[in-house]
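This report refers to the structure that appears directly beneath it.
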Amino acid sequence: MHKFFGAALVAGAVALSLGGAAEAKTFRYATTGDVLGLDPHINNEGPTNTMKSNIYEGLIHRGWDLSLHPGLATEWEQVNPTTWRFKLRQGVKFHDGSDFTADDVLFSFERIKQPQSEMSFAVNTITEIKKVNDHEIEIITGGPDPILLLNMPNFFIMDKQWSEKNNTVTVERGSTAKTYANLNTNGTGPFKLISWVPDTKLEVEANAGWWGKPTHNLTKAVFTPIGNDATRVAALLSGEIDAMYPVPLQDVQRINSSSSAKVLQGPELRTIFLGFDQHRDESLDMPGTGKNPFKDKRVRQAFYQAIDMEAIKRVVMRGASANTALMIAPGINGFDKALNDRYPYDPEAAKKLLAEAGYPNGFPVTLDCPNDRYVNDEAICLGVVPMIKRIGVDIKLNAQTKSLHFDKIGLKQGNNTSFYMLGWTPGSYDALNMLENIITLDGKGQGTWNSGRYTNPRVEELTDLIRVETNQEKRNAMISEAMKIHKEDFGHLPLHQQALAWGVASTVADIKQRPQNDIDLRYVTLK
Amino acid sequence: MFAFIIRRLLQSLIVMMAVAFISFSLFNFVGDPVNNMLGQEATEEQREALRQDLGLNDPFPVQFAAFLGNAVQGDFGVSYRLSRPVSDVLATRLPATLELVFVAAVLALVIGLPLGVYTGLHRHGFGSKVLLTLSLIGISLPTFLIGIVLILIFAVWLGWLPSFGRGDTVQIGWWTTNFLTVSGWKSIIMPAVTLCLFQLTLIMRLVRAEMMEVLRTDYIKFARARGLSNRAVHFGHALKNTMVPVITITGLQIGSLIAFAIITETVFQWPGMGLLFLQAIQFADIPVMAAYLCLVAFIFVVINLMVDLLYYAVDPRLRVERSGGGH
């Protein structure tokens, strides 16, 4: 009860500060699943990161349109190729009232880089953070890091005293999981946690003491996971929630024809693609033959040209997708529009290519596909199968739940696949992430999800250069060169970027659709 | 009697062990939870370290033995998805499911019994025929469809009832209850109706069949010959004698209500154990799945025990047999 009065008082104060409008504005929204936890340094998952960013802040904030803005740092400059100096914002307070200083940044750096932290990728080029004074720090990187700033929004700052007081200095998961920071928060962000009942409801309220000028007009926000698609649509249409995502594609029309809600569609950053095993000397589907057709570029091209992406877009995706020739989406740093023309759909040419490669009568192959991961993933594969059959290849579909699918195609089972579907959004919004994880193989920690083990010496070489090149123009030229080689090698078979579909009720005045497909409460205004 | 209860409880341990064993041998097929727990940027070393820590690389007998060893100490591990102790997670979900099942069971009995008696007595009446036809729908329509149709009518079109969730709950100790708030009651109506429909029609048809059977027997004819009122014959003699099979079925059905609740809870986003279990399957959250299955097995055993004890109360013949001593 005590807590309730506190919340009511704060809510009232916020409402008053917003120009005397005493009316409390509560934004209620839903998506398929709950956040995994609120510890800023444990999980790295899209919706979880977004909820954390409502409560916690980094030195740099990534706006809804992916642009970078000052967050807890007001300005920064590069002193030399491996040193950056950040000026910290003064007068910032954590939700519990304590001051934000350089010590908190140093503490958070030590915390985020622990081995069990999945967010450590955001700082993995940083070797040291030095305190200059209470409101100035220096970040030292191991080598030149051209995308340091791009990773900064993922580096959330925690309060040192609070963490030490509550014994949550270490990041532990698995059998010894620590839960305090997962359930309780103390950030500097524009929203404060009121309560979280897992799988039921997560409530935040506007932080009246936030340092910035709010771009939202909310007093409170209530997040509810609703797993069932039909129920989520019903909750929107009945006015119980103000926004929800994703809208199942078959319900887009129904929502648009209602008077109470509309569907907001836009491009997402994830690229869906197919991959071929180009590594084994003998295809898993052709035991005893000693042959792996996918080692031949012509066969990969034949598959590419056999797939009618326009038909898949029209029939399977109901128009809600953007076909792509590149592995990265527009909006990702390094995207080159000039390379984004697909090779034409041409089954006759595909047949000819197969014959030239020595497979006029095709060969057996299995397509591995998830059925609960991407928008209409299994339906896309079901569309691809007859198209590949048409050029004479004996193709079978193996569609299964995501945990089994990723096991099979991943390193766990030694890339146990010859033809598979995967989707990827570069977490840093930079092409290097795609090159390192999907397109190259050599080197430490690289090619984790390069399940077909595509490799090209020049691309590997370029990737190593891109990693340390700080001249953006030169760097982008190298990214384009690598992407062009990969495209002409048919290293993977890019399909499309799926469209975002959010259902937004008429109670919402404005909401910014972030291409990451989740709602940043900073950019929501209610009528 | 006491020995009987103890014996049954010991049997329940064996049942739970068997359930745990079978479920554990199936967990190999749900996939690797590590890919769900870690994001895409995690390195292979991080994945391997987590697998090692969770004991996922151990052979099946080792994993099973470790689970049993911890379980007997009351430790069911930490949920992979929610990162908190499974026993805490189950304890927060149990009230939601039990309250839902309770309301559904009460609805099924309170509506099903009188309807069964009515249709049994007025076999050829127009009302009976309508009810029996309707009951066919209740038996044959799948739960999720009924749920969605109810949501469409009462939440979207009429706007009377909430389409998801549990509404406002009140905390009493560790138990959260729906029964003390208006929104809690409003929220439970549709899920409970959806969940009870199958049981309701089943009870109604069962009572009807039993009533028709009993009404043909000699003691009913004798009761009528004694000039007893219809009311006394129907409810005092006939209905009471239909109770044994009805109790058996209803008792067993409470177990399946808990099991069916998985679908209903998913449709209505009811934060109970069924929803938890379904999410655990999708996430390959092995500790939650194992604990849930053991708990459900235990509930089934307890319900069966209670059914057996109720027989004593309802059927005097059993009591006589027992006191006659020895077998």
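A, B, ... follow the sequence lines: proteins, then strands. Residue 1 opens every chain. Because the structure is predicted, anything quoted here is derived from the model rather than measured. These values consider heavy atoms only, across backbone and side chains, with no hydrogens, waters or symmetry-generated copies.
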Within a strict 4.5 Å, meaning less than it, do heavy atoms of the [X] and [Y] side chains meet?
{"X": "Phe164(B)", "Y": "Thr224(A)", "answer": "yes"}
{"X": "Leu36(A)", "Y": "Phe283(B)", "answer": "yes"}
{"X": "Thr231(A)", "Y": "Ile148(B)", "answer": "yes"}
{"X": "Arg51(B)", "Y": "Lys412(A)", "answer": "yes"}
{"X": "Asn182(A)", "Y": "Ser83(B)", "answer": "yes"}

Please classify the contact of [X] with chain B as side chain, backbone, both or neither, using a heavy-atom distance under 4.5 Å.
{"X": "Ser117(A)", "value": "backbone"}
{"X": "Asn433(A)", "value": "side chain"}
{"X": "Lys408(A)", "value": "neither"}
{"X": "Leu236(A)", "value": "neither"}
{"X": "Phe406(A)", "value": "both"}
{"X": "Asn43(A)", "value": "side chain"}

Rounded at 0.5 Å granularity, tell me how far [atom1] in [X] sits from [atom2] in [Y].
{"X": "Glu172(A)", "Y": "Asp53(B)", "atom1": "CD", "atom2": "CG", "value": "9.0 Å"}
{"X": "Gln282(B)", "Y": "Lys402(A)", "atom1": "CD", "atom2": "NZ", "value": "6.0 Å"}
{"X": "Ser403(A)", "Y": "Ile281(B)", "atom1": "OG", "atom2": "CD1", "value": "10.5 Å"}

Can you tell me which of [options] forms the most heavy-atom pairs within a distance under 4.5 Å of chain B?
{"options": "Asn228(A), Asp407(A), Leu411(A)", "answer": "Asp407(A)"}
{"options": "Leu183(A), Asn44(A), Asp199(A)", "answer": "Asp199(A)"}
{"options": "Ser428(A), Ser260(A), Pro225(A), Ser258(A)", "answer": "Pro225(A)"}
{"options": "Pro198(A), Ala235(A), Gly227(A), Ala230(A)", "answer": "Pro198(A)"}

Checking the side chain of Gln46(B) only, and the main-chain atoms of Glu118(A) only, is there a donor and an acceptor separated by less than 3.5 Å? no
Check whether more than 12 heavy atoms from other residues, nucleotides or ligands sit under 6.0 Å from atom [atom1] of [X], and answer yes or no.
{"X": "Arg453(A)", "atom1": "CZ", "answer": "yes"}
{"X": "Trp175(B)", "atom1": "CH2", "answer": "yes"}
{"X": "Lys186(B)", "atom1": "NZ", "answer": "no"}

Looking only at side-chain N and O atoms, does Glu240(A) offer a donor or acceptor that is under 3.5 Å from a partner on Ser163(B)? yes
Chain A heavy atoms under 4.5 Å from Leu158(B): which part of the residue, side chain, backbone, both or neither? neither
Sort Leu276(B) into side chain, backbone, both or neither according to what part of it lies under 4.5 angstrom from a heavy atom of chain A. side chain
With chain A as the partner, which of Ile151(B), Thr92(B), Val267(B) has the greatest number of non-hydrogen pairs under 4.5 Å? Val267(B)
Pick whichever of Ala42(B), Gly165(B), Pro162(B) has the most heavy-atom pairs under 4.5 Å with chain A. Pro162(B)
NZ/NE/NH1/NH2 to OD/OE distance under 4.0 Å, Arg81(B) and Asp34(A): no
Show the nearest heavy-atom pair for residues Thr448(A) and Arg47(B), with the distance to one decimal. CG2-NE, 4.4 Å
Taking only residues two or more places apart in sequence, or in another chain, which ones meet Glu45(A) in a side-chain hydrogen bond (donor to acceptor under 3.5 Å, both in side chains)? Thr48(A)
